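So that we are looking at the same thing, I have put the structure below in structure tokens.
The model shown is predicted, which means the values in this text are computed figures rather than measured ones. Just so it is clear, the values below take in all heavy atoms, side chains as well, and ignore hydrogens, waters and symmetry mates.
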Amino acid sequence: MTTAGSTTVHSVNRRTVRPVAPPRNGFERAAWVFMRYSGLVLVFLALSHWGFQHIFNSVQNLTLESTAGRWGVTGQIATLQIWFWRVYYGLLLGLAMLHGLNGLRQVVYDYMHFKPLYWGFMTVSTLLIVAVSAAGIAALFLGVNIAAVGGAAVR
Amino acid sequence: MKVHLKIKRFNPEKDKKPYWGEYDIEADEGDRVLDALQTVKWTIDGTLNFRRSCAHGICGSDAVRINGRNVLACKLLIRDAVKNGQITVEPILGLPLIKDLIVDMEPFFAHYRAVMPYLINDTDPGERERLQSPEERARYDDTTKCILCACCTTSCPSFWARGEYVGPAAIVQAHRFIFDSRDEGAAQRLQVLAEPDGVWRCRTIFNCTEVCPRDIQVTKAIGEVKRALITGKLD
Amino acid sequence: MAQYHQFDALVIGAGGSGLMSALYASKSVNTAVISKLYPTRSHTGAAQGGISAALGNMEPDKWEWHAYDTIKGGDFLCDQDAVDILCKEAIHAVIDLEHMGLPFDRTPDGKISQRRFGGHTNNETKKPVMRACHAADRTGHMILQTLYQQCIKNNVRFFDEFQMVDMITVDGACRGIVAVELNTGELHVFHAKAVMLATGGFGKVWKITSNAHSLTGDGPAIILRKSLPLEDMEFYQFHPTGIYKMGILLSEAARGEGAVFINDKGERFMERYAPTMKDLASRDVCSRSIYKEVRAGNGIGGKDYVYLDFRPDRINKYLEADGSSRRVDAEYIETRLPDIIEFVRVYMGIDPITEPVPIQPTAHYAMGGIPTDLDARVLADEKGTVVEGLYAAGEAACVSVHGANRLGTNSLVDLIVYGRRGGIHMAEYAKQVDFKLIGDDAHKAAEDTLNAIRNNAGSEHPGQIRKELQMHMDEHVGVFRTQEKLEEALEEIHRLKERYRHIHIDDKGRRWNTDLMEAWELGCLLDLAEVTAVSALAREESRGGHYREDFPNRDDQNFLKHTMVWSDNRITYKPVRIGRYQPTERKY
Amino acid sequence: MSTLFTTVRDTLRYKGREGQWLWVLHRISGLGILFYLILHIYDMSLAYFNVPVHEQLMALFKTPVFSALEMVLAALLVFHAVNGVRVALLDLRPALWARQQLATRLALIITVVIAAPTIIIMLIYTINAHLSAAATTAIR
Ligand SMILES: Cc1cc2nc3c(=O)[nH]c(=O)nc-3n(C[C@H](O)[C@H](O)[C@H](O)COP(=O)(O)OP(=O)(O)OC[C@H]3O[C@@H](n4cnc5c(N)ncnc54)[C@H](O)[C@@H]3O)c2cc1C
Ligand code: HEM
Ligand code: SF4
Ligand code: F3S
Ligand code: FES
């Protein structure tokens, strides 16, 4: 590039990076970042889970027994393998539900402009999702309640 | 060549609902669609209304939707606009319709004003110009080109969903100052943009970038603002 | 009934001049801006090349050189005291703009970058000087945006999409204006102590023009209707480089960067017409040269256009021939002239980096307009009587710093220097006086005019009249003029004015009735076309932008004076204020 | 809620490019997956809290209608994942913005490449299961 001849003075700044104070309201920012990173983690968790359930195996073959094989049975002492599944499913469930809940919030925020309606809907949805998630986690840790259908058939 | 124009018409003093006005005109291939609209107005139907001024893509008056997509009517040539001998012209979306192709721009400019679109720097600059290196100047060059035509904001699905979203144009304007090395108001502007109706509403859809008549990398500018919010650094 | 508003200072027009004066007036008094367009749509945004000020950032320069160039460019018709103010204050004004945040391009050491422009020289070497401060080729855009931004910052009150249709005068003093709110069709009376007319040019009198559809000279036309005179209306600038047939401007900055004119034979013909400045001679000279080439049969393919060539290899060839060590490449041209390159690509479908561009002169700028004094106060006659409370600045006004021909970049300087002076003076004035009464029926005349147009049941179509007007003006009141042509034009204009009385419009509604407003604007165009032709007919000499083939020489003996023209076609003259520079022959 | 109507209407009226349609799909798929997941977790939790109902639901999920829905869901999940990665990468790596048109196409291609075989395998499993079930009943 041709520039008209002029002496160069080195006092001017050639780098353009500057710090800036972060804003007070960090919630939306945190939510935004969370959506991206949780999404990236979920790719591995969700797709592998889907793979186990639908490709290497099938819902058609899914039985109480096969579930118990991973969760263990109520009252059983958890083996290392069971702990693995607990962590795996716990993480999957937690991340997916949080990710989904925030996703739902974004969508609802777009469409429900009447504040009470928005808050009402989100309260109910959050309660529902939290309750279901809690139940899911509880079940995961408590194991399959084989006793309820007549004893230790699996083992 | 012969062109069949289909124009969305609406007169608030008469019509309950918008309807299609259809016009056949003779136009040159190299004419602008704006010229075709003028031809209709000046020779067929004087009641047709649209905004226009410069006629060469510099003033931002005539953002409309041609064949379904936002453009400046003066920046699209007939030969590129005709599809099967026909051109469809409609008002832009997401802003209240006033008359024919004219929409209420006030909400758009309100968002513009909300981001403090002016240099903030209270130190005394002295007698001569503030110095700025060509590199620093280049940093925000892209976003200085904006002509506030609203093509971007009114093509954004997030904006259609929620008019409170400041929209890409306002973010572009904010970007122009945030990344100007002479400006000291970056933190204040980022505060506005960090609100729920600020940059986080942007879902990286790219409609804005695709329609910007000034070829501004709108999504990139928005992304850079997001990054500044996340990293606390302007780079 | 009309709505009523009251402001100390009222600015009509939100282009560079309007915003600058509003900005300065609003610092001390209650100020409002009325504009028929959203401020950022004003045509100042179309200005491309630059704004001159003798900053001397790139090479030695002095404001006195700038002043001399301006006066010489104006063919010695400029009022030299006004030019001195212009060029001296330009330096501060440009730096003021930088402080407001205007993103000028920069030199490697961080200062405002400058480039060459037509007619701007180093008075000692006579070579082109780098004086035009620029932000790529969007300088006007940046000025407009920056000033609007500052007005927002200072909470200036805006009435956007309000069109002035009448001025309120009582006892020869201005006390406000009447405007239509386009969105409702309602009339508003704006009562003010001081009113600034900054409504821009009236290029739409011609067909091939660089001007916007909205440039219909509303301000000057209203002045005529108030029995006030306009100054130097025969001096209208035809810019040499408009895109062929469309008139879209390709800035002189292109030639400042090295582009040249080429005729059908591939000759760089400006060497013949202006041996020193060549392609950077002043605009009137270039425009005439182009048409002379066309007449000599050297137009491209024998047609009425020539090429502007800014292919980098050609530029380098010519730079070498001129003995310059500067060289350019495609990337440099693209970063220096991004917008005009895009115009060519979009509107002509050719790439100026690889092909020469067909251009033809285009109606561009009104040197004349509303006569004002050095503080932008409007003058009522050739004796210098001030119209109380009335100001004008920008292209609508005539101070006269441009004389018979404006130098490139000097309009933007004019806007900010005299816009600012006007703004400051308005505020001072408004602080000293009280509101004077206006009648309850101040809006009546405007209402009647508009209703007359709306309800007229004639058979004439305004669109047709406009088309014919523009055609006649292009043909007869263009770059070359003769008594015969001008008389013919005048006759046509009178005929069109008669037909205008029998127009009808289609839209009878109130809201956004642009049919009505365009018909009203057509009335302004007709009035301005008429006084332009009248003034041109009376000036029997050639000077700057006004070229009479029947009087091809400048005649300082009889015509070193400003024309003042009234709506009844009466003409008077007022002397040119000469300062340090005596008129000499103009050579480039 | 009227804005839901306007967004849907405007989205249909506006001739956006890939980015717009991918966004629509992303939104629908996200909500779809969420809805499915709530059901699924509820169901699985019953493996502890109420096994008989759990068993009933499992049977329901094995019916052809639900199998078909599951296949749709598979496609949606794969799409949501791939497109989510596209969006996240574009957002976190600005250098890629210049290639966004390519990115949208790649996302669609990758989705199809992963989803199509998945669905075929699911289809095979389902058909097999129903055939063998039929066979079992026939033998009985
Ligand atoms: C294409 C082009 C390129 C140019 N390049 C250069 C350059 O490089 N350098 C240079 O110095 N000059 C240049 N000029 C000239 C210069 O840009 C103009 O002369 C200048 O911008 C005029 O400014 P203004 O403030 O007088 O009016 P404008 O910017 O034209 O604004 C007029 C204002 O008045 C308002 N208005 C008009 N009528 C009414 C009414 N009835 N009621 C209410 N409001 C009204 C309009 O809405 C608008 O806001 C160029 C001009 C053109 C056309
Ligand atoms: C498999 C990996 C996944 C990835 C990579 C992923 C990625 C993303 C990303 C990046 C977003 C943000 C989009 C935006 O802001 O524009 C998002 C939104 C969303 N996700 Fe996911 N996600 C995944 C799984 C899930 C799951 C399992 C659910 C359901 C529980 C889900 C539900 C949603 C919802 C409802 C949204 C909001 C959509 C919107 O705002 O339009 N996602 N996803
Ligand atoms: S960013 Fe582009 S599309 Fe948006 S308002 Fe500015 S110029 Fe128009
Ligand atoms: S279209 Fe809208 S969602 Fe973001 S990338 Fe553009 S602003
Ligand atoms: S009329 Fe000015 S941008 Fe189209």
Spatial distance of atom OG1 (Thr47(B)) from atom CG (Leu516(C)) [nearest 0.5 Å]
13.0 Å
Taking all non-hydrogen atoms of both residues into account, name the closest pair between Glu98(C) and Arg130(B) and its distance.
OE1-N, 3.0 Å
Lys/Arg-Asp/Glu bridge criterion (N-O < 4.0 Å) met for Asp339(C), Arg214(B)
yes
Is any side-chain heavy atom of Ile58(B) closer than 4.5 Å to a side-chain heavy atom of Arg138(C)?
no
Does any N or O in the side chain of His99(C) come within less than 3.5 Å of the main-chain N or O of Arg128(B), such that one atom is a donor and the other an acceptor?
yes
Decide, yes or no, whether a salt bridge links Asp507(C) with Lys99(B) under the criterion of side-chain N to carboxylate O below 4.0 Å.
yes
Within this structure, what is the CG-CZ distance for the pair Asp100(B) and Arg511(C), rounded to the nearest 0.5 Å?
11.5 Å
Please identify, among Gln173(B), Arg52(B), Arg79(B), the residue contributing the most non-hydrogen atom pairs under 4.5 Å to chain C.
Arg52(B)
Toward chain C, the part of Lys14(B) with a non-hydrogen atom under 4.5 Å:
neither
Name the region of Leu249(C), side chain, backbone, both or neither, that has any atom closer than 4.5 Å to a heavy atom of chain B.
neither
What's the verdict on side chain to side chain contact (heavy atoms under 4.5 Å, CB included) for Arg51(B) and Arg41(C), showing C-alpha distance, side-chain angles and the deciding distance?
CA-CA 10 Å; Arg51(B) 291 191 180 97; Arg41(C) 318 280 187 237; 5.7 Å; no
Where on Arg510(C) is there a heavy atom nearer than 4.5 Å to chain B: the side chain, the backbone, both, or neither?
both
Considering non-hydrogen atoms only, spot the tightest contact between Gly101(C) and Arg176(B) and give its length.
O-NH2, 2.7 Å
Side chain, backbone, both or neither: which part of Arg182(B) has an atom under 4.5 Å from a heavy atom of chain C?
side chain
Give me the ring orientation class for Tyr148(C) and Tyr112(B): parallel if the planes are under 30° apart, tilted from 30 to 60°, perpendicular past 60°.
parallel
Spacing of Lys36(C) atom NZ and Ser53(B) atom OG [to the nearest 0.5 Å]
8.0 Å
Donor-acceptor pair, side chain of Gln149(C) and main chain of Leu119(B), under 3.5 angstrom
no
Could you tell me whether Glu127(B) atom CD has more than 12 heavy atoms of other residues or ligands within 6.0 Å of it?
no
Counting heavy-atom pairs closer than 4.5 Å to chain C, which one of Lys145(B), Arg113(B), Met116(B) comes out on top?
Lys145(B)
Nearest 0.5 Å, please: how far is CG in Asn49(B) from OG1 in Thr514(C)?
3.5 Å
d(Trp512(C) CH2, Glu13(B) CD) to nearest 0.5 Å is 13.5 Å
Need one label for Ile44(B): side chain, backbone, both or neither, based on atoms under 4.5 Å from any heavy atom in chain C.
backbone
Is it the case that Arg32(B) places NZ or CZ above or below the six-membered ring of Tyr347(C), under 6.0 angstrom from the centre and within 45 degrees of the axis?
yes
So what's closer than 4.5 Å to chain C heavy atoms on Asp45(B): side chain, backbone, both or neither?
both
Which atoms of Met105(B) approach chain C - backbone, side chain, both or neither, heavy atom under 4.5 Å
both
Output the residues of residues 153-162 of chain C for which the shortest heavy-atom distance to chain B is under 4.5 Å, in residue-number order; output 'none' if no such residue exists.
Lys153(C), Glu161(C)
Interface check, chain B: of Ile505(C), Leu55(C), Ile91(C), most non-hydrogen pairs under 4.5 Å belong to Leu55(C)
Chain B shares the most heavy-atom pairs under 4.5 Å, among Pro338(C), Pro462(C), Gly509(C), with Gly509(C)
Of the listed Gly126(B), Ala55(B), Gly60(B), the one with the largest count of heavy-atom pairs under 4.5 Å with chain C is Gly60(B)
Taking atom CG of Asp109(C) and atom CD of Gln132(B), what is their separation to the nearest 0.5 Å?
13.0 Å
Can you say whether Asp105(C) sits under 4.5 Å from chain B via the side chain, the backbone, both, or neither, judging by heavy atoms?
both
Evaluate the criterion side chain to side chain contact (heavy atoms under 4.5 Å, CB included) for residue pair Trp42(B) and Lys467(C); output intermediate values, then yes/no.
CA-CA 10 Å; Trp42(B) 288 341; Lys467(C) 202 168 139 190; over 6 Å; no
Using non-hydrogen atoms only, which part of Leu148(B) is less than 4.5 Å away from chain C: side chain, backbone, both, or neither?
both
Quick one: does Gln145(C)'s side chain have a donor or acceptor within less than 3.5 Å of a partner on Thr144(B)'s backbone?
no
Apply the test side chain to side chain contact (heavy atoms under 4.5 Å, CB included) to residues Leu34(B) and His213(C): give CA-CA distance (whole Å), side-chain angles for both, the deciding distance (0.1 Å), then the verdict.
CA-CA 11 Å; Leu34(B) 179 65; His213(C) 283 292; 4.3 Å; yes
Identified side chain to side chain contact (heavy atoms under 4.5 Å, CB included) partner of Arg106(C) from the options Glu135(B), Glu136(B), Glu129(B)
Glu129(B)
Greatest number of heavy atom pairs closer than 4.5 Å to chain C - which of Gly57(B), Cys149(B), Cys54(B), Gly30(B):
Cys54(B)
When only pairs under 4.5 Å are counted, which of Phe343(C), Phe104(C), Tyr38(C) shares the most heavy-atom pairs with chain B?
Tyr38(C)
Here the pair of heavy atoms bringing Gly46(B) nearest to Asp506(C) is N-OD2, 2.6 Å
Let's test your reading of the structure: which of Ile147(B), Asp180(B), Asp80(B) forms the most heavy-atom pairs below 4.5 Å with chain C?
Ile147(B)
Check whether Pro12(B) gets within reach of chain C through its side chain, its backbone, both or neither, counting any heavy atom under 4.5 Å.
side chain
Crowded around Lys8(B) NZ? As in, over 12 foreign heavy atoms under 6.0 Å?
yes
Any idea which of Pro103(C), Ala519(C), Ala135(C) has the most non-hydrogen atom pairs under 4.5 angstrom with chain B?
Pro103(C)
Kindly say whether Cys59(B) contributes a backbone atom to a donor-acceptor pair with the side chain of His43(C) at under 3.5 angstrom?
no
For Met100(C), which atoms come within 4.5 Å of any heavy atom of chain B: side chain, backbone, both, or neither?
backbone
